[in-house]
Structures are given as structure tokens and as C-alpha cells.
Amino acid sequence: MAQLTMAKALNEGLRAAMDRDDKVVLMGEDIGRLGGVFRVTDGLQKDFGEERVFDTPLAESGIVGTAIGLAMRGYRPVCEIQFDGFVFPAYDQIVSQLAKMHARSRGLVKMPVVIRIPFGGGIGAVEHHSESPEAYFAHTPGLKVVACSNPVDAYFMVQQAIASDDPIVFLEPKRRYWEKAEVDTTGTPDPLWGARVVRRGTDLTLIAYGPMVKTCLDAASAAEEDGRDLEVLDLRSLSPLDFPTVFESVRRTRRAVVVHEASSSVGLGAEIAARLSEQLYYEMEAPVLRVTGYNTPYPPSRMEEEFLPDLDRVLHVVDTALRY
Amino acid sequence: MAQLTMAKALNEGLRAAMDRDDKVVLMGEDIGRLGGVFRVTDGLQKDFGEERVFDTPLAESGIVGTAIGLAMRGYRPVCEIQFDGFVFPAYDQIVSQLAKMHARSRGLVKMPVVIRIPFGGGIGAVEHHSESPEAYFAHTPGLKVVACSNPVDAYFMVQQAIASDDPIVFLEPKRRYWEKAEVDTTGTPDPLWGARVVRRGTDLTLIAYGPMVKTCLDAASAAEEDGRDLEVLDLRSLSPLDFPTVFESVRRTRRAVVVHEASSSVGLGAEIAARLSEQLYYEMEAPVLRVTGYNTPYPPSRMEEEFLPDLDRVLHVVDTALRY
Amino acid sequence: MTVPEATPLVQLLTPEGERVHHPDYDVELTDEEYRSFYRDLVLVRRIDVEATALQRQGELGIWAALLGQEAAQVGSGRALRPQDFAFPTYREHGVAWCREVDPLHLLSLFRGVSNGGWDPQDKRFNLYTIVIVSQTLHATGYAMGITKDGAVGDPDTGEAVIAYFGDGASSQGDVNEAFVWASVYNSPIVFFCQNNQWGISTPTATQSRIPLYKRAEGFGFPGVRVDGNDVLASYAVTRAALDSARTGQGPTLIEAFTYRMGAHTTSDDPTRYRLASELEAWKLKDPLERMKSFLYKQQIVDSAFFEKVEADADELAARIRKGCLEMPDPDPVTMFDYVYDEMTPLLAEERAAFATYHAGFAGGGH
Amino acid sequence: MTVPEATPLVQLLTPEGERVHHPDYDVELTDEEYRSFYRDLVLVRRIDVEATALQRQGELGIWAALLGQEAAQVGSGRALRPQDFAFPTYREHGVAWCREVDPLHLLSLFRGVSNGGWDPQDKRFNLYTIVIVSQTLHATGYAMGITKDGAVGDPDTGEAVIAYFGDGASSQGDVNEAFVWASVYNSPIVFFCQNNQWGISTPTATQSRIPLYKRAEGFGFPGVRVDGNDVLASYAVTRAALDSARTGQGPTLIEAFTYRMGAHTTSDDPTRYRLASELEAWKLKDPLERMKSFLYKQQIVDSAFFEKVEADADELAARIRKGCLEMPDPDPVTMFDYVYDEMTPLLAEERAAFATYHAGFAGGGH
Ligand SMILES: Cc1ncc(C[n+]2csc(CCOP(=O)(O)OP(=O)(O)O)c2C)c(N)n1
Ligand SMILES: Cc1ncc(C[n+]2csc(CCOP(=O)(O)OP(=O)(O)O)c2C)c(N)n1
Ligand SMILES: [Mg+2]
Ligand SMILES: [Mg+2]
């Protein structure tokens with residue numbers, strides 16, 4: 001067992017996937033000698049060679065478009081998009097090609113492509129480096145979308161994503177890259193598509209993913225001092241959403257608050273609220289509330305603390321939900 | 001007063017906007033001599049010349065990207081995207097540039113750009129010609145998104161959109177292009193951002209926009225025969241959403257069903273459901289239900305009738321909502 | 001600006017069917033091969049004519065005719081070796097024919113029954129791609145994979161890729177990215193641009209102010225313009241470019257200079273934007289006529305041959321028509337089945353609800 | 001492939017500060033102008049050095065240094081006339097200087113206080129654009145507008161646009177679309193590519209296998225490579241290209257061959273991917289040193305001049321430092337204020353709730 005940062009856990013996960021299957025190739029901007037701007041691919045080109053870990057020209061549509069062709073040739077490409085805000089030049093290839101190839105060919109052409117995207121804010125970056133684009137992908141049939149929140153999941157989920165024959169947008173909460181945890185690489189991972197209760201509680205379920213899981217855990221700890229017992233659920237998979245687990249939790253707590261960095265309007269929180277209020281109509285004691293980034297562009301970083309949901313804002317909305 | 005198809009009403013609206021302001025220019029693929037594949041710009045190049053109505057090279061990012069530059073130069077570009085499925089190559093320019101320029105410059109740079117997109121299915125077309133991409137835009141701060149549902153609105157809304165200093169995605173329900181109505185061009189238009197009750201009823205509110213407004217009106221007529229009195233609301237603006245009007249209606253009917261062609265998951269219906277169940281928590285008598293396209297890619301056209309919400313599916317879900 | 005040079009055009013057959021020679025490109029085919037080239041041209045045109053007729057009769061939603069482009073497609077299609085892989089647009093019916101894709105598959109797409117339905121891996125012919133030039137990047141990635149597999153170098157077994165696109169398509173970012181990638185990785189790929197003079201109503205001059213084959217120079221690989229109405233030249237130039245690719249010499253751009261003799265698709269009305277006289281001028285360069293003249297001049301055909309080809313075409317047309325009319329509609333519940341390799345619970349739920357709902361109708365419900 | 005030709009490089013000053021001449025490009029400047037070019041180079045470098053220091057001290061989130069690219073930027077920036085419009089990337093601090101943008105605006109962006117904050121229309125200098133090459137299409141559209149306004153043709157009053165981008169950026173689809181547009185509409189634009197040999201850790205060879213200035217040929221307009229460490233050549237070549245644009249002769253691509261002497265940004269660690277010896281070699285071509293040598297050789301400077309320039313630089317640095325340290329944080333409630341021209345009800349609601357919520361904190365709430 002080793003203490004690993006999330007960045008290192010991803011690195012180890014990629015390494016394990018490459019060891020297991022020599023069709024796995026990594027591609028992206030600056031992932032070779034540099035090891036990626038977050039060092040997630042550090043050392044992998046050195047160990048696996050330039051044919052399996054390669055720097056591409058600077059063009060995201062080219063990265064995803066050629067990954068599709070490599071997949072048709074039998075490879076399992078893992079693309080790194082350098083930052084969330086730079087995935088949009090590839091958006092057409094992702095939603096109209098990658099997502100649709102399997103259906104278009106009635107399953108004759110599989111697309112085992114993983115698109116890794118460091119996402120979310122909180123690192124004091126300039127414009128386009130703190131986006132949360134998950135809703136744009138989760139609304140797209142044919143894609144799957146997952147987000148890891150901790151080193152253990154990061155290690156296993158990236159391997160599971162690579163092993164899947166479906167195209168997956170793999171979101172990595174960049175501000176958690178440097179947080180550490182014990183990673184038992186011999187352990188048995190949870191299924192990739194399952195949500196997980198990361199803290200049991202009785203009064204209300206906080207539903208989060210990626211960077212906000214830690215924020216919610218912190219909020220739950222703080223709430224404990226005030227005598228409120230909050231459950232925290234890590235969605236892990238954003239498409240498909242694991243509603244059985246969500247329902248099971250909220251049936252017990254009868255109240256839910258969804259927390260994400262992305263803007264609320266037509267975001268993941270809306271979908272979860274819509275489904276919960278439909279399916280648990282007679283069982284809930286409060287409407288599903290949302291704590292999210294505001295419906296503004298991500299602001300210059302000196303304002304990001306106010307833009308991002310934090311412990312206080314979460315608890316503020318929890319209070320409201322508990323008052324119903 | 002003249003009987004106009006929606007296509008002709010849009011044409012007349014564009015003409016009026018061009019007459020009014022010589023900074024209005026139309027640009028897109030095949031909009032000049034051909035008049036666009038749906039003939040919405042028919043005759044405008046002939047009348048306004050090639051400097052004001054021009055065919056572009058075949059590249060959507062180029063269309064939107066240069067429109068941004070033209071707007072900086074004081075023009076008011078109206079871009080035509082040939083079909084919904086072809087807007088994605090321009091997605092980066094739309095979400096990272098067009099949408100953000102005003103905020104980036106703290107209002108010093110205005111973006112009076114309209115992006116017209118014929119959208120939705122039902123015309124027996126091949127792949128990528130029947131998409132409903134509205135959620136991708138409505139989730140994006142900085143953009144506004146509107147959809148017309150009838151010739152009268154088409155005529156006025158396109159002029160209002162062009163007159164606005166904000167960037168607007170203007171969705172035209174292509175399967176309604178050939179439906180006619182009396183258009184009184186001397187009338188006073190409703191505000192662009194307002195939803196409108198298009199049929200009063202007492203039992204339940206059907207909430208729709210674009211192509212589904214007619215479907216809902218048909219459903220309401222059919223329901224009348226069974227003694228159910230449905231209200232139909234045309235959202236018209238999808239971002240911002242006119243919640244005061246939505247709430248006013250649902251407060252009266254206490255039940256709501258949202259209908260759209262786009263897939264349900266993380267779609268407009270989710271946002272409306274989330275907000276309604278939050279804001280009208282004590283006032284509704286049933287959860288907000290959704291009738292939408294399935295969470296699959298738009299299927300080959302011989303299956304589209306089953307994919308698209310129709311009168312029967314709407315009534316089926318209305319029945320469910322009324323049983324609560 | 002530099003003074004425009006005369007644009008060189010590789011031609012092996014004049015419009016009159018005269019065989020000419022070219023220093024860099026040539027072919028020597030057997031009489032049998034010459035005849036079979038002609039036969040392909042005729043059959044491919046017949047498929048197209050029949051499909052157009054079926055569309056007019058309401059049997060297809062739309063059809064994108066290849067009329068006029070038969071030589072560019074049959075020439076390039078026949079230059080492919082079995083191991084090569086082709087990435088078409090939506091108009092490559094002639095290439096599909098060379099890859100032995102059943103024309104009924106093409107019709108099933110335009111009828112709205114499927115998105116093609118053939119097995120791309122088996123035919124080594126990708127499904128039609130409708131979003132302009134997306135396929136050029138897929139083709140480039142596939143070609144990169146060939147290099148990674150070490151399947152490049154040998155003149156016999158080396159593999160190559162061909163990516164089709166149009167003159168209008170040349171303006172899209174993606175195809176220019178494909179040029180960057182292919183040249184930087186020196187990938188075994190041929191970019192085959194059919195310049196049929198129009199992108200719907202937009203003339204090529206709105207896409208480029210210089211001949212399109214020159215685009216390649218800017219990316220550091222060779223470009224060549226071939227007479228796309230000359231099946232022999234199209235064959236020769238494509239074969240040479242594919243061989244160059246398969247032996248590790250990297251990409252080539254071929255601009256096949258041709259003409260879209262019909263409408264863009266059956267939904268289009270070209271009288272709104274082009275002069276009838278233009279079409280008349282191009283009719284004199286008809287790809288079938290010139291091959292026919294050549295065969296006559298070579299004295300390697302007789303009337304029995306032409307009768308046989310016509311009979312084959314009639315038979316093919318009849319088969320297509322019958323197959324189209326008999327084509328069953330898809331079972332709509334299948335729309336849920338292929339979205340993912342591993343179906344999601346949401347789709348399983350929707351599928352079940354869908355089945356129940358429609359069963360209700362069948363049972364007279366609602 | 002053709003045999004690679006020797007790559008021509010326009011140079012007016014050798015690395016040793018020797019004045020050389022070029023048949024197509026030349027400049028004759030007054031002594032005062034020569035001195036002020038040098039002064040600009042020094043001041044711009046000082047801004048950069050000071051900003052880098054402020055970043056190290058935690059005052060800026062990040063800084064993208066222009067170290068080594070001063071000549072390309074000052075040369076091209078000074079070639080602009082007041083009526084011209086420039087579209088920068090995120091590294092054009094030297095051009096910003098020439099457009100009289102207060103360096104503190106640049107710092108405010110990298111400090112996270114704003115996204116720039118200057119008035120692009122007033123300065124005729126767009127805000128920095130971070131998404132690679134998006135601005136090249138904006139620039140092209142702006143140039144199309146110049147043509148529509150009839151503001152092209154006159155050698156004095158004609159307007160032109162310059163769009164900056166990097167070697168890495170040349171691979172993106174958008175810039176190639178900009179080339180298509182600019183050439184088809186013959187727009188008054190200069191594409192100015194600073195090939196500083198690296199796109200973060202990626203060498204130019206991974207973006208193109210031929211010199212980048214040649215890309216233009218493939219789109220039908222001229223390309224030229226200039227010594228980007230030579231401020232006089234950068235000035236001369238850009239001026240000529242801008243004049244060509246403003247008089248209606250369409251676009252030009254300039255590749256300024258230069259070197260990023262620092263890290264990509266302060267977050268980068270170039271020791272991971274490049275050799276120290278490479279940097280050493282380029283130091284011999286330092287743009288400031290060669291201009292200094294030239295001034296000496298011309299005998300148009302004395303030590304008082306250099307002292308004055310240094311004093312100006314010190315003063316500027318002090319002002320920047322002070323301004324940065326004193327820069328107030330933005331009021332977060334303003335994040336709601338500029339999203340739209342016409343604010344939406346949703347934002348008004350969020351803004352009000354935000355204000356109430358924070359007032360609650362101020363009042364000791366929660
Ligand atoms: C990205 C995208 N934009 C627009 C279209 C609509 N469209 C279909 S074909 C076509 C013209 C294509 O012209 P060209 O590349 O010359 O090919 P051709 O049809 O002449 O074979 C257009 C604009 C599309 N399919 N994809
Ligand atoms: C679309 C997009 N992809 C990736 C990035 C991240 N990124 C920022 S700068 C850079 C390298 C740019 O290299 P180059 O164009 O040579 O300019 P330079 O930084 O050398 O001035 C990259 C990959 C980005 N800003 N935008
Ligand atoms: Mg064409
Ligand atoms: Mg660079």
C-alpha cells in the first residue's frame with residue numbers, strides 16, 4: 001500500500017492498463033517528454049516508447065478524430081485534453097462521430113476511446129482553465145461520462161474506462177490532483193458505473209462528484225458539530241447515472257442537495273432533481289436543492305472562491321432544505 | 001395581412017431587419033443565389049447585394065468566428081447554420097468566444113450576432129439533419145437561446161433577435177417551415193424573452209417550444225374530447241427561461257408536463273422540472289413529467305415517428321400526471 | 001502575387017477517347033481490364049439512375065447522385081488493393097461498388113432504414129460520413145495505426161488508406177488538421193478530393209482562389225490534379241499515390257477535376273444557381289462516353305459486349321428496385337440496442353417502456 | 001518529395017549588429033527612431049522581467065514571458081498604423097506596449113483580477129485570447145468588415161489587421177479556416193506567426209515538416225520568413241505586408257523565426273524537454289544585444305542614452321510593481337454584471353441572493 005496523489009494514482013493506473021494491453025496508446029499535447037502539464041503521464045513515454053505515448057500537433061479535433069481512426073484499427077486510445085476549456089474544438093468529433101459510431105454501425109464498430117479531461121476550478125488559473133463541461137457530454141447519447149474524486153478511484157476507474165468498449169469522457173478534478181490517499185492496487189474496485197455512499201447519514205443526502213465530494217465531506221463534518229447528520233454520495237458516473245443508489249439513499253434521508261461547480265441551468269443537478277422529484281414524489285420531505293457555480297462564465301480567479309460552492313454555501317442550502 | 005409560411009415569415013422578418021439597419025449582414029452556406037436550403041433567405045442577395053448577403057466557404061467555425069470579428073467592426077451578422085447537426089464544428093467559437101466576449105471585456109465589446117439554426121426532426125432526413133441541440137446552448141452563460149413555433153413569432157422574433165446586443169441562438173423548427181398563418185406585420189410583438197400561454201386550460205400545463213407547440217395544441221384538442229382541459233405554454237425563450245409565466249400557469253393547473261424532441265437526460269425539461277418542483281413545492285399535485293425523444297442518437301428516419309413525442313405519447317403521460 | 005501558372009492536369013484519355021501518355025503516370029491494362037472498367041462505369045451509373053428514380057417515386061427520402069463522377073470513383077476505387085481502407089463521404093457509390101458493398105445498403109441509408117448497414121471492417125470501406133470531412137481525420141488515425149502496426153513498407157503487402165472529400169469540404173478545419181497530422185506522422189494515406197466544381201450552390205472559387213491540389217504544398221506533401229472524368233488517369237494517379245503511401249513515402253493529395261452533372265441531391269434545384277450551358281460543356285467530357293470511344297478505337301469490343309453490359313445493368317437495376325421495394329422497415333425497438341456496447345440502465349428502462357407502450361397500442365390500448 | 005530548398009530569411013541586422021540589405025525589404029529610419037526602437041525593446045523586456053518576478057513572489061497566478069521575442073513584437077507592433085487593429089494571443093506584451101496598453105492591464109489578467117480590462121476598440125488591440133487561434137478568425141472577420149466599409153485601398157488611410165499566433169497554433173483547424181476566408185475574400189490582414197520553436201514542450205517539427213511560412217502558398221497568398229530576433233527586419237516585413245493589405249492586395253503570412261528564451265509560462269519547466277545548449281546558442285542572437293551593437297556601430301548613442309533608458313526601465317518596473325501590489329481585488333458581485341448586455345432575470349436573482357448571502361456573512365450571519 002502506498003500513499004499516492006491523485007495525479008500519481010492516475011499515472012499508475014495508466015501504466016497498469018498499458019502493461020495489460022499493448023493496444024492501449026496515449027496521445028495528446030505535451031504528454032510525452034513533459035509528462036503532461038499535470039504530470040499525469042510522467043515517465044510513460046520513456047517506459048513505453050514514442051509509438052505508444054506520443055505528443056500530437058496542437059489541435060483537439062485532430063486528437064479525437066485520429067483517435068477514432070486508431071480505434072477502428074484496433075487500438076484503444078486514451079486522449080489527454082490539456083484543460084477543460086480546450087475540449088470544444090473537438091466537440092464535433094466527440095458528439096457527432098465518437099458518440100454515434102457504435103449506433104451508426106449497429107455495433108459493428110466499437111469505440112474504446114477514453115478522453116481524459118482535467119476539469120473544474122479552484123487553482124487560480126486564467127480564463128478557460130477552470131470549466132466544468134460535464135453537462136455537454138452527459139446530454140449526449142452514445143457517450144459515457146465519469147468523474148473520479150479520490151486517488152483510489154482514480155487508479156481503478158481509469159483502468160476500467162480503458163477496458164470499456166464504449167467511448168468515455170473521463171473527468172479529473174484538477175484541484176484534487178495533489179491530494180493523497182492510501183491506494184491498495186491489489187484491491188477489488190467497485191463497478192465503474194456505480195455511485196457510492198462515502199459517508200452515511202440520516203438527515204439529508206449531499207449528492208456530488210469530482211472536486212465537490214471533498215467539499216461535501218467537509219461540510220458534513222462541520223454539520224455534525226451542529227448535530228446534523230448528512231449523508232454524502234459520490235456519483236462517480238455522470239452518464240449513466242446510478243439512480244438506484246441515489247434513490248436508496250434519498251429514501252432513507254428524504255432530503256437531497258446536489259452540489260457541482262458547473263452552472264445550474266440545464267446542468268446535472270437539474271436532471272437529478274427532476275428524476276428524484278418524479279420517482280420519490282411521495283417519499284421526499286423537501287424539494288431537491290442545488291448548490292452550483294453561478295450562471296456566469298467562470299470569473300477571473302480572484303473571484304473564484306465566491307463563484308465556487310464551498311462548505312458555507314453548502315451548509316446554507318442544507319439549512320434551507322432542512323427547514324421544509 | 002397575409003398568409004405566410006414560417007419560412008416566408010422569416011424571410012420577411014430578415015428583410016425588415018435589413019431595411020431598418022444597414023449593418024445587418026447575412027452569412028452562411030448557400031444562402032445567396034440558392035436562398036438557403038430552406039429558402040429562408042430567398043431573394044435577399046438579389047435585393048441587398050453580395051456585400052450584405054453572402055455565401056461563405058464551407059466551414060461553420062469560420063462562419064461564427066468571422067461573424068465575431070464583423071460584430072467587433074460594428075456589423076450585426078446573422079449566420080445561417082445549414083442544419084442543426086452541423087453547428088458543432090462552430091461549438092468552440094460559440095461557447096468560448098461568442099458567449100464570453102461581453103463578460104471578458106466587461107461590456108466593452110458587444111456581440112450582436114444571431115445564429116439561425118433549423119432544428120429538430122420529422123422531415124424524413126438522413127443522419128445529423130434532425131438534431132435538437134438547444135440544451136448545449138442553454139447551459140452556456142452568455143448566450144441567449146430562442147425558438148419560434150409559428151409564422152407570426154418567426155416574423156417578429158427574428159427581428160427582435162437581430163436588434164438585441166446579445167448573442168442569440170435562434171432555433172427554427174424545420175418541420176414547421178411550410179405551415180401557414182396570417183401575419184399582421186403591423187402588429188406589436190410580444191417581448192422576445194417572454195413565454196406565452198397559447199391555450200388556456202385548467203387541468204394541466206403542457207410546456208413546449210418550437211416544433212412541439214403544435215403537437216401539444218393537437219394533444220390538447222384531442223384531450224378536450226375526453227373532457228380534459230389542458231393549458232399549453234410556448235416557452236419561446238429557452239435561455240433565459242420565463243419562469244414567472246411558467247409559475248403563473250402551473251399555479252393554476254397544479255400539474256405540468258414538459259415536451260421536447262431532445263433527449264431527456266440533462267435537457268431543458270430537467271431544468272424546468274427542477275425549478276418547478278423547487279419553487280412550487282407546496283402547490284403542485286403531481287411531479288413534473290417529461291415527454292421527450294429517447295436517450296438514443298436520432299434514429300434513421302423510418303423510426304423517427306416512434307422516436308419523436310407525438311399526440312399519443314403526450315396524452316399517455318398526461319394521463320399519468322392526472323392520476324396523481 | 002505570383003503569375004498564375006497553367007494548371008497541369010494528368011490525362012490518359014482525351015474527351016474523344018484518344019489515348020495519350022504522361023511522363024509520370026501510366027497504365028497498361030489487359031483488354032479484359034479495359035472492358036471491365038467500362039462495365040463498372042456503366043453499372044455504377046445505372047445504380048445511380050435507378051436510385052434517383054426510386055427517390056422520385058417516394059421510395060427514398062433523398063439521394064445524392066454521383067452522375068458525372070463515375071470515372072473518378074471507379075478509377076480510384078479500383079486502384080485500391082484488398083488490404084487498403086477507404087473512408088467515403090455520402091456520394092461514393094462508385095467506390096462502394098468497387099469495394100463490393102451491396103448497393104441496397106446504400107439505398108437503405110437514403111431510405112431511412114439504416115445508416116448504411118454494411119460491415120466497414122469487412123469491406124474495408126467505412127460507413128458514409130455526412131458531417132463534412134470528419135472522416136478525413138478518422139482515415140488519418142487509421143493510417144497512423146497502420147504505421148504503428150509496421151504494416152507499411154512492402155510494395156505488395158503494405159497497407160494504405162484513402163480519404164474522400166469534396167471541393168467545398170476543403171475549407172473545413174478538420175481536413176486541414178488531417179493534412180497536418182498525415183504529414184507530420186508521414187502516414188500512409190491518399191487524400192482524394194473530387195472537385196466537382198460545386199458544393200451545393202457554392203462554386204469552388206468561394207472555397208479557394210488557387211487550384212485545390214496546391215493545398216498540399218503548404219503542408220509539405222505532394223498534390224496532383226487529375227482529369228476526374230478520365231477513368232484511366234484516375235486509376236493511374238491513385239494507384240501511384242497508394243503505392244507511395246504503402247511503401248512509406250507518406251501522404252498525397254489528389255484533386256480529381258470533375259463535374260457534378262446532376263443536382264447536389266434530389267432535394268436540390270441547380271437551375272437556381274448555375275447555367276445550363278455549363279452542364280452542356282461538361283457533357284462533352286462525359287466519363288462513360290470517352291471510355292466507350294476508347295474501347296471502340298482500341299477495337300476490343302463488339303456490339304455483343306455492349307449488349308451484355310446493358311443486360312447486366314438492367315438486371316442490376318431490377319434487383320435494386322425489387323430489393324428497395326421489399327426492404328422491410330426496421331423494428332423501432334432496435335434503436336435502443338446499439339447505442340452502447342454495454343447498455344445503460346436508462347436505455348434498458350426506456351426500451352422496456354417503449355415495448356410495453358407499443359404493445360398497448362397493438363392490443364388496442366389508448 | 002521535392003528537394004528541400006534553403007529557407008530564405010529576411011534579415012536587416014546580423015546577430016552581430018551589422019546592417020545588411022535585402023532586395024525586397026528595407027527601412028530607413030531616423031537616428032531618433034532607431035534609438036526609440038531600442039528603448040522599446042528594453043522597456044518591454046523589463047516589463048516581462050518584473051512580471052516574472054512578481055509571479056515568483058506570488059503576486060500573479062501565472063505569467064507567459066515574451067523573453068526572446070521582443071524584436072518580433074516591437075518590430076511588428078511599431079509597423080502598425082493607428083488605424084490598424086491587432087489581435088494578440090496571450091504573449092503579445094510587446095505589441096500591447098506599442099498599442100499603448102498599460103502593462104498593469106496585462107498584469108491584472110495574470111493576477112486574476114480581470115480578463116484584461118483595456119478597451120479593445122479604443123486601443124485597436126483586442127483582449128488576449130487564450131484558446132489557441134480563435135482570434136485569427138475574429139481578425140479575419142474584422143478585416144472583412146474593413147473591406148465592406150470600403151476602408152481599403154488608400155495607402156495612407158487604408159486599414160489593415162494583424163493576427164498573432166504561434167508555431168504550435170498553426171496546426172489548429174481555425175487558423176487554416178482563417179487562411180481560406182482571408183484569401184477567398186482577399187481581406188486586408190497579416191497573419192503573424194511567431195515561431196519560437198516550441199509550443200510548450202512540443203517542437204515545431206511536430207506541427208509541420210516544412211517551414212511554416214510556406215503554409216500560405218497552399219492557400220494562394222504569399223508567405224515570408226523573417227528573422228524574428230531582428231527588430232528592423234520584423235518592422236520592415238510587417239510594414240510591407242500591412243501596406244499590401246491596406247492597399248487591397250490581400251493577406252500575407254509572416255513567420256517570425258525566433259526563440260522562446262524562457263519557460264512556456266511560469267508554471268512550466270523546460271529542463272524536462274530541451275537542452276540548455278539550445279538556449280545558449282540562441283542567446284547569441286539576442287534581439288536586444290544586436291540592436292545595441294547596431295546603435296554603437298552607427299555611433300548614434302552615448303552612455304547617457306543607455307543610462308536614461310535604464311532609468312526609464314527602472315521607473316517603469318517600479319510603477320508596475322507598485323501598481324500590481326496596490327491593485328484592488330475585484331468586487332465579486334460584478335461577476336454578474338457583464339454576462340449580458342441585457343441582464344437576465346435568473347442572473348438578477350442570483351446577484352441579489354449573492355449580495356444578501358454575503359451581507360449575512362458581513363453581519364456575522366450563519
Ligand atoms: C459540417 C457540415 N456542414 C454542412 C453540411 C451540409 N452539406 C452537405 S453537402 C454540402 C456541400 C459539400 O460540397 P463538396 O464538399 O464540394 O461535396 P459534393 O457534395 O460536391 O460532393 C454541404 C454544405 C454538412 N454535411 N456538414
Ligand atoms: C485550444 C487550446 N488547446 C490547448 C491550449 C493550451 N496551450 C496554451 S499555449 C499552448 C502552446 C502554444 O504554442 P504556440 O502556438 O507555439 O505559442 P507559444 O506559447 O509558443 O507562444 C498550449 C498547448 C490552449 N490554450 N488552447
Ligand atoms: Mg463539390
Ligand atoms: Mg511557440
Side-chain angles (χ1 to χ4, degrees), chain C residues 1-5 7 132-134 136-137 140 167-187 191 193 199 202-224 241 244-245 247-253 255, chain D residues 1-5 7 132-134 136-137 140 167-187 191 193 199 202-224 241 244-245 247-253 255:
Chain C
M1 286 297 307
T2 46
V3 183
E5 316 143 36
T7 300
I132 296 286
V133 305
S134 295
T136 58
L137 279 170
T140 303
D167 46 296
S170 66
S171 295
Q172 284 280 8
D174 269 10
V175 68
N176 292 290
E177 292 186 13
F179 293 162
V180 169
W181 249 256
S183 77
V184 163
Y185 295 110
N186 204 39
S187 302
F191 295 104
C193 175
T202 308
T204 308
T206 301
Q207 317 288 350
S208 181
R209 68 185 195 187
I210 58 166
L212 285 171
Y213 76 93
K214 293 198 171 194
R215 180 71 57 82
E217 281 176 34
F219 294 86
F221 60 94
V224 52
S244 161
T247 54
Q249 291 164 81
T252 303
L253 169 63
E255 178 191 3
Chain D
M1 286 298 305
T2 46
V3 184
E5 316 143 35
T7 300
I132 296 286
V133 303
S134 296
T136 59
L137 279 170
T140 304
D167 46 297
S170 67
S171 295
Q172 284 280 10
D174 269 10
V175 68
N176 291 290
E177 292 187 13
F179 293 162
V180 169
W181 249 257
S183 77
V184 163
Y185 295 109
N186 203 38
S187 303
F191 294 105
C193 176
T202 308
T204 308
T206 300
Q207 317 287 352
S208 181
R209 67 186 196 187
I210 57 167
L212 284 171
Y213 77 92
K214 294 199 169 192
R215 179 72 57 83
E217 280 176 34
F219 294 85
F221 61 93
V224 51
S244 160
T247 54
Q249 291 164 83
T252 303
L253 168 63
E255 178 192 3

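Every chain is numbered from 1 and lettered A, B, ... according to where its sequence line falls, protein lines coming before strand lines.
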To the nearest 0.5 Å, what is the distance between OH (Tyr185(D)) and OG1 (Thr206(C))? 6.5 Å
Those residues at least two apart in sequence (or on a different chain) that pass side-chain hydrogen bond (donor to acceptor under 3.5 Å, both in side chains) with Ser171(D) are Gln207(D)
So which of Gly218(C), Pro211(C), Ser208(C) has the biggest tally of heavy-atom pairs under 4.5 Å with chain D? Gly218(C)
Could you check whether any side-chain heavy atom of Asn186(C) comes within less than 4.5 Å of a side-chain heavy atom of Arg209(D), counting everything from C-beta outward? yes
I'd like to check Arg215(D) versus Asn176(C) (side-chain heavy atoms, cut-off strictly below 4.5 Å). Are they in contact? no
Which atoms of Ser183(C) approach chain D - backbone, side chain, both or neither, heavy atom under 4.5 Å: both
With Ser244(D), which residues qualify under side-chain hydrogen bond (donor to acceptor under 3.5 Å, both in side chains), at least two apart? none
Select one option (side chain, backbone, both, neither) describing which atoms of Ala178(D) are under 4.5 Å from chain C's heavy atoms. neither
